[in-house]
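Here is the structure we will look at, set down as structure tokens.
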Amino acid sequence: MSKRGELARLRQAAEAGDTDAAVELADMLTDEGDLSGGERWNRRAAEANNHDGIVGLGIVLCVMGKFEEAEPWLRKGAADPRHAEMPGYCEYVLGRCLVDLQKFDEAEQWLAIGAAANVEDAVEQLERLRKYRADKTPGSARQGSGGDVLQTFEVDSVMFYDGSGHRLGRSVCTLTRSRLIIDDARGGISQIRLRDITGVSSPLRKQLRITAPGVAYDIYCLSKDQKYDFGARLSEAIRGA
């Protein structure tokens, strides 16, 4: 049967109330990039208490960036007695979701469960989270950071844009004499040369927007005062670079 025919068959069965078909249809749609379709059919199965639908809904919501909505579904899936047959991946996704929600202590616990179940991505993400938490102490600049450290700011979150948006989560921003270094909660490092920065603006009360050729960073500060301090020091450093 062709893929189109299989989708039609699954859709017909799902519309007739077959929750297993709804989950399978959701998986196929998600694999094809139709996240809205994946959400719709996983939700139908989840609301009918299909365990695969519950977990699948949490996963697709997390992929869509709807972390607050994903969290309770993933918790429900992990707590379900039926989940004992396939532990690991749901816990890993819940851990990733909690990282994005900046609940780092609990995120580490769930990622550890996923890692213990040999979920490869969970092992990697757990190492990154632990490294981030060990390195995020103010003043701990990276080697090769591009000069003397001027100031370190722990900020609420960062969004990175390079044609699409990427939520980096809670981050530590280290300002040196020649670079701005962003260490994010996922273990990533962004280094922006001050001489490449083309603009610093403040669209919102606690937000700094930094632009460079082809990219932009929205930095959400912990307070308005921190934003003003960060912006002033950054502008001064750019003038001296």
Side-chain angles (χ1 to χ4, degrees), residues 19-20 22-24 26-27 29-31 35-36 38-137 140 154-160 164-172 182-190 220 222:
T19 58
D20 289 334
V23 170
E24 193 172 348
D27 288 345
L29 293 172
T30 300
D31 288 344
L35 297 180
S36 295
E39 178 188 358
R40 175 189 176 192
W41 291 106
N42 270 318
R43 189 179 297 278
R44 180 172 294 197
E47 290 175 348
N49 202 35
N50 180 292
H51 179 256
D52 289 340
I54 291 169
V55 175
L57 178 59
I59 291 172
V60 76
L61 287 170
C62 191
V63 171
M64 296 171 78
K66 299 179 180 181
F67 305 114
E68 291 184 356
E69 190 177 354
E71 181 186 354
W73 289 108
L74 291 167
R75 289 187 185 279
K76 184 175 181 179
D80 195 304
R82 294 170 291 182
H83 184 61
E85 298 178 4
M86 52 175 187
Y89 193 76
C90 178
E91 287 86 350
Y92 153 65
V93 179
L94 177 55
R96 285 293 303 271
C97 181
L98 292 170
V99 167
D100 283 292
L101 292 172
Q102 302 172 20
K103 300 178 181 179
F104 296 137
D105 288 339
E106 196 175 4
E108 186 169 337
Q109 295 172 17
W110 287 108
L111 288 173
I113 294 173
N118 297 316
V119 178
E120 185 175 349
D121 287 343
V123 175
E124 179 182 348
Q125 292 300 323
L126 179 61
E127 290 177 353
R128 287 184 177 182
L129 177 58
R130 285 174 172 169
K131 192 173 191 309
Y132 165 75
R133 300 187 76 187
D135 291 349
K136 74 174 185 175
T137 304
S140 59
E154 183 174 354
V155 299
D156 181 79
S157 60
V158 176
M159 285 288 296
F160 169 61
S164 59
H166 309 275
R167 189 175 188 274
L168 304 182
R170 200 171 188 90
S171 302
V172 174
I182 299 174
D183 290 310
D184 67 70
R186 298 180 178 182
I189 306 170
S190 301
Y220 295 89
L222 296 172

Drop me the distance from [X]'s [atom1] to [Y]'s [atom2], to the nearest 0.5 angstrom.
X    : Y    : atom1 : atom2 : result
H166 : S190 : NE2   : OG    : 10.0 Å
Y220 : M159 : OH    : CE    : 6.5 Å
D52  : L57  : CG    : CG    : 12.5 Å

Where do [X] and [Y] come nearest, in terms of heavy atoms and distance?
X    : Y    : value
A70  : G58  : CB-O, 3.4 Å
D184 : I189 : OD2-N, 4.3 Å
A122 : A115 : CB-N, 3.5 Å
C90  : A78  : SG-N, 3.8 Å
A117 : G88  : CB-CA, 3.7 Å
W41  : A26  : CB-CB, 3.9 Å

Check: G169 main-chain N/O paired with S171 side-chain donor or acceptor under 3.5 Å: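 Pair found, side chain donor or acceptor close to backbone of G169.
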
Partners passing side chain to side chain donor-acceptor pair (under 3.5 Å) against [X] (at least two apart in sequence or in another chain):
X    : value
R128 : E124
E47  : none
T19  : N50
Q125 : none

Check: [Y] and [X] side chains under 4.5 Å, non-hydrogen atoms:
X    : Y    : result
N49  : K76  : yes
L111 : Y92  : yes
F67  : R96  : no
N42  : V55  : no
N118 : V123 : no

Donor-acceptor pairs are to be reported for all side-chain atoms of residues 97-108 against protein atoms at under 3.5 Å, with residues two or more places apart or in another chain.
unit_1 : atom_1 : unit_2 : atom_2 : d
D100   : OD1    : R186   : NH2    : 2.7
D100   : OD2    : R186   : NH2    : 3.1
Q102   : OE1    : R170   : NH1    : 3.1
Q102   : NE2    : D156   : O      : 2.7
K103   : NZ     : E71    : OE1    : 3.1
K103   : NZ     : E71    : OE2    : 3.2
D105   : OD1    : R133   : NH1    : 3.1
D105   : OD1    : R133   : NH2    : 2.4
E106   : OE1    : R75    : NH2    : 3.0
E106   : OE2    : R75    : NH1    : 2.7
E106   : OE2    : R75    : NH2    : 3.1
E106   : OE2    : W110   : NE1    : 3.4
E108   : OE1    : R133   : NH1    : 3.0
E108   : OE2    : R130   : NE     : 2.9

Go through the structure and list residues passing salt bridge (charged side-chain N to carboxylate O under 4.0 Å, His left out) with E39, not counting sequence neighbours.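 If we apply the salt bridge (charged side-chain N to carboxylate O under 4.0 Å, His left out) test to E39, skipping adjacent residues, the hits are R43, K66.
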
